[in-house]
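These notes are about the structure you will find just below.
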Amino acid sequence: MSVITIERKILEKNDEIARQNRARLTEHGVLALNMVSSPGSGKTSLIERTLEHLNGKLRVAVIEGDVHTSLDAERIARYRVPVVQIVTHGGCHLDAHLVAEAMTKLDLTRLDVLIIENVGNLVCPANYDLGEAMKVVIISTTEGEDKPLKYPAMFRQAAVLVINKVDLLPYLDVRLRVLKQNALCINPSLTVFETSCTTGMGITRWCDWLLMTVARGVKTRGE
Ligand code: MG
Ligand code: ZN
């Protein structure tokens, strides 16, 4: 019973800091995306393709969450965008406090988008609000059709679903239609993208959506 109380307290404290993060981001008109997925679904590759495709059209910064190593942050840094690495040393999720600390290293006045790459894990990142505008859940086709049914919390909380590695479909016993149906049955309001970071398929549509979402935010702020 006391364990439950402690966990609730941790989450309450987290939500409070997340609210502060969200207020700061909103104040500066920065769209923050919390990218969540299993390890190896292609989060870092998607960020790389996004930066490549946007080619400076949006001012993007990246917070990289990893259990060990700064390998992903080094990949992102090649695109000459501000990147802050959080190494959790075994921790299986980012929390609002870690993100608040990382945000102090970024100049929010010079940003349109903050991409937060969470630790690869579909379980507890669902419980930790970071102050993001929305969660983007990424699933690769190699993970199978039933992933959304097995990890419903994450799919319920996400606003966007990116189905990655669609170029591998011919080699897999996975039906894209069923995978999508399973996700939409958990959360019918998901905006769904199909991408391949290898061939570049779907990246334009995803980036157009990002540009539109940022533009819409700017308009709302002006009203
Ligand atoms: Mg990564
Ligand atoms: Zn965790």
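Residue indices begin at 1 and follow the sequence shown. For ligands, and for the atoms within them, numbers begin at 1 and follow the listed sequence.
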| Is any NZ, NE, NH1 or NH2 atom of the basic residue among R19 and E16 found under 4.0 Å from an Asp or Glu carboxylate oxygen of the other? | no

| Set of side chain to side chain contact (heavy atoms under 4.5 Å, CB included) partners for N182, sequence neighbours left out | E145, P148, L149, V178

| Relative to the Zn ion (ligand 2), how many protein N, O or S atoms have a separation of less than 2.8 Å? | 3

| task | State which residues pass salt bridge (Lys or Arg N to Asp or Glu O under 4.0 Å) with D107; sequence neighbours excluded, sorted by chain then number. | result | R110

| Looking at side-chain heavy atoms only, is the closest gap between L31 and D112 below 4.5 Å? | no

| remark: NZ of K180 to CG of L161, rounded to nearest 0.5 Å, is 9.5 Å

| message | Once you measure the plane-to-plane angle for W206 and F193, does it fall in the parallel (<30°), tilted (30-60°) or perpendicular (>60°) bin? | response | perpendicular

| Can V160 be reached from I139 by stepping across I, L, V, M, F, W or Y side chains whose heavy atoms are under 4.5 Å apart? | no

| message | What I want to find out is whether E194 reaches R205 closely enough, with some N-O distance under 4.0 Å, to be called a salt bridge. | response | no

| note | Near the Mg ion (ligand 1), meaning under 2.8 Å, the protein N/O/S atoms are T44 OG1, D72 OD2, E117 OE2

| Test: D72 and R75 ion pair at under 4.0 Å | yes

